[in-house]
Amino acid sequence: MRYRCVECGNEWEDRGWLSTCSRCGQKVTGVSSFFRGPEHPEKLIQVLLSLQREKGWLSPETLKEVSRKLGVPLSRIYQVATFYKAFSLVPRGRHLLRVCMGTACQIRGSPAILERLRQLLGVEPGQVTADGKFTLETVNCLGCCAMGPVMMVDDQYFGRLKLPQLEKILGSYG
Amino acid sequence: MGEGMRERLRGPEELERWRERLRRERDPSALLFTVNVRSACGLAAGSEEVAKRLEEEVEGRGLAGRIVRTGCNGFCEKEPVVTVYPDETFYVGVRSEDVPELVEGVEKGKVVDRLLYQDPVTGQRIRKASDLPFYRHQQKLLLSLNGRIDPTRIEDYIAEGGYRALAKALFELTPEQVLEEVKRSGLRGRGGGGFPTGRKWETTRKAPGEPKYVIVNCDEGDPGAFMDRSLMEGNPHSVLEGLIIGAYAIGSHQGFIYVREEYPLAVENIGIAIEQARECGLLGEDILGSGFDFEVEVHRGAGAFVSGESSALMTAIEGRVGEPRPKYIHTAVKGIHDKPSCLNNVETWANVPLIILNGAEWFRKIGTEGSPGTKIFSLVGKVNNTGLVEVPMGITLRKIIFEIGGGIKGGKRFKAVQTGGPSGGVIPEQYLDTPVDFDELTKLGSMMGSGGMIVMDEDTCMVDVARFFIHFLLEESCGKCIPCREGLRVLDRILTDLCLGKGKEEDLKTIEEICEAMAEASLCALGTTAVNPVLTTMRYFGEEYEAHLKGRCPAKVCKALTAYFINPDKCQGCLVCFKNCPTGAIQGEREMVHVIEQEKCIKCGICYAVCPFGAVEKLSPPVAPPATYGIKAKKEVRK
Ligand code: FES
């Protein structure tokens, strides 16, 4: 699949990951504007991941577009999109809050963290807050097990969480 | 440093010449700071701010010092960590506010004592990393470069001897000889079962069909394990080099690196490594002018535990739903697109360059007879020094947990250690002196797995731990086969009931029956090994199951079986718990003994966590509070 940088128009062949444009260094995270040339159905998961990153969720329109461009039947796209955890078929809040419920975090008190977040946000895991600010999700491990309990807000990690801290962290997000 | 455009290397001599140049340009006596920025946990600890501040400070003072952003050096407990070379002063828990003092110290040739690691036992400050008890018992082979090099610069890896093994394999050995060497080394797969790596390679090499594929498994779905992430982030070239050597031995020209999407930094760093290796002619067509071609692609996993299973992972690479398939045909023979495919985990591949460079004999001398080499463990949970630990196989659990790990947090009692993730089991105190290798752990009903080691203290409920793993696997099971899908569902229900105090006498027998069926009849390892956490907790902590049947949770973890009370003798009437209680279950006034209204209490434990006087107590089984608990009394404030 070919990609084109949104900044400088540089084009390059995808080698399976998306990093930075080799000419201008612009960080490339989404691919919707980069659909080009002969498409590989094999890249389905990679394309969906990139779109998910860019848009925050996968709308029916997005999935239809992917189906058309990759030549993969819509049914298979739904099969894949519903199987993997990373994909959300409903819109997400402005910020994604991922609480680790992995073993290491569990033992260091993540259930209480989750409980507190549920109260503070008034939603269950998987739901968006009424003001559209946060989506609360649980994950199985963020790979920072030594810092447990851990949560991530968007791309920011918070380790060694303590209950009284949570309100302040949430408050710092607009 | 010889930066700028990288040139394509046309042979082993050019590689050596470049390496010499890089080494010459690097003055060993020059001032150098390393900060562990290129790792997710380093970032979580705020290492980037420290690195930025260091840069400002070093520039501001006009010092000729270089700042290298390295990967994780293992000591997660004390991050961010800054090491100052050439004298290797090791500063721990550095905040950006500490940086000016640190740099001033360097300028004046003084050590900032307060930032050195303090031994909790002797109270002594220790200046060098190698003198820390945490590092002293380790043997770092795979992790040795992790905290020293910048993973985004191939020059750093080359200067340290990188790609020398590849050159040796391509120019001095035939593919058969490489294969033979790996076989003789006795290296076993570090991802789980411990299958001999060389034998796996041979199967793929001999299997009919072209093309052949090689794959790095960096899915690492095991919660509590992060060694693959750290290697991939901190030293991606070592994995890549191992992969290319393996491809050469197997006769493969296309590889995949499967990295889970939750590890964005690992994805980025391996991407950069691939790009740079290609620029230098170490990857792609005609590698180092040897005539050997090899291409590699990164595949980001979209989050599904079962994708770590080899056949499932391969279908995911094909862009499909990652479901496993029956094992009667090995993926080594029919894998991606039904072609021979050899999959090994990150750590396994990273071992390969070491073996090729130093020889099978050298490797066999490390570790045990049946499991040679070192193993990286992620030591987490209720242990003082959490982090990544690389030790020779055969070291005892006690040594890892008590000497390297510094014992149990908060002076609590050790209860068990869980190894091998959801496929492993718990190991109780009486086996602490077991030497750790593939076979010994299996004997105890657990396994090595990828190397997660979760230490549990007296505050951990073993029934709850079993429930946790079963629930985890229930959510992760692909649902294709009935023993796994339905077995997990029933186990989950029974264990949840037990934790709710609704267990029945016959439940324990049912659990055993289901476990037997699942271990026997599940399609893939997810189902067959799922029973390990349950069986081992039952075997070693049977009395806890019995207690739950009677409505008691000895560790006071299961909410339904515990209650919170405020001890009037300890309560100082400070209102902290009152203010923090989310449901208004606490009645209190300043300097009056507070009381928890049991009907309103949701047992979130916040009061327990915030009380500065330890006045909130957990009880199991819930007993009626003594009458005095309900009386509000004026307290004298103790001075
Ligand atoms: S278990 Fe929470 S980050 Fe790994």
Heavy-atom pair with the smallest gap, counting every atom of Ala104(A) and Val380(B): CB-CG2, 3.6 Å
Toward chain A, the part of Val259(B) with a non-hydrogen atom under 4.5 Å: neither
Residue among Gly143(A), Ala86(A), Cys100(A) with most heavy-atom pairs under 4.5 Å to chain B: Gly143(A)
Flag, side chain of Arg108(A) to backbone of Lys382(B), donor-acceptor distance under 3.5 Å: no
Salt-bridge present (Glu475(B), Lys85(A); N to O < 4.0 Å): no
Under 3.5 Å donor-acceptor, Gln106(A) side chain and Phe468(B) backbone: no
Choice from Arg260(B), Arg320(B), Met456(B), Glu261(B) maximising heavy atom contacts with chain A below 4.5 Å: Arg320(B)
Atom pair CZ/SG of Phe83(A) and Cys478(B) - distance to nearest 0.5 Å: 6.0 Å
Between SG on residue Cys145(A) and CG on residue Leu388(B), distance to nearest 0.5 Å: 9.0 Å
Lys/Arg N to Asp/Glu carboxylate O, Arg160(A) vs Glu79(B), below 4.0 Å: no
Shortest non-hydrogen contact between Tyr84(A) and Val321(B), atoms and distance: OH-C, 3.6 Å
Approximate separation, where rounding is to 0.5 Å, of Cys144(A) SG and Arg229(B) CZ: 5.0 Å
Part of Ala40(B) lying under 4.5 Å from any heavy atom of chain A: both
Euclidean distance, Ile107(A) CD1 relative to Cys461(B) SG, rounded to 0.5 Å: 11.0 Å
Under 4.5 Å from any heavy atom of chain A - which part of His337(B): side chain
Point-to-point distance, once rounded to the nearest 0.5 Å, from CD of Gln119(A) to CD1 of Ile602(B): 4.0 Å
Partner residues of Thr386(B) under the side-chain hydrogen bond (donor to acceptor under 3.5 Å, both in side chains) criterion, sequence neighbours left out: Glu77(B)
Contacting region of Val383(B) [heavy-atom separation from chain A under 4.5 Å]: backbone
Interchain contact, Thr460(B) with chain A, by part (heavy-atom threshold 4.5 Å): side chain
Any side-chain heavy-atom pair of Lys43(A) and His299(B) under 4.5 Å: no
Portion of Phe256(B) that has a non-hydrogen atom of chain A nearer than 4.5 angstrom: neither
Leu142(A) vs Tyr263(B) side-chain heavy atoms within contact, under 4.5 Å: no
Side chain / backbone / both / neither for Ala266(B) at chain A, heavy atoms under 4.5 Å: neither
Region of Pro264(B) in contact with chain A, defined by heavy-atom distances below 4.5 Å: side chain
Selection from Ile606(B), Asp464(B), Asp459(B), Val610(B) maximising heavy-atom pairs under 4.5 Å formed with chain A: Ile606(B)
Over 12 foreign heavy atoms within 6.0 Å of CD, Glu167(A): no
Modelled atom types, side-chain donor and acceptor of Asn140(A) and Glu262(B), under 3.5 Å: no
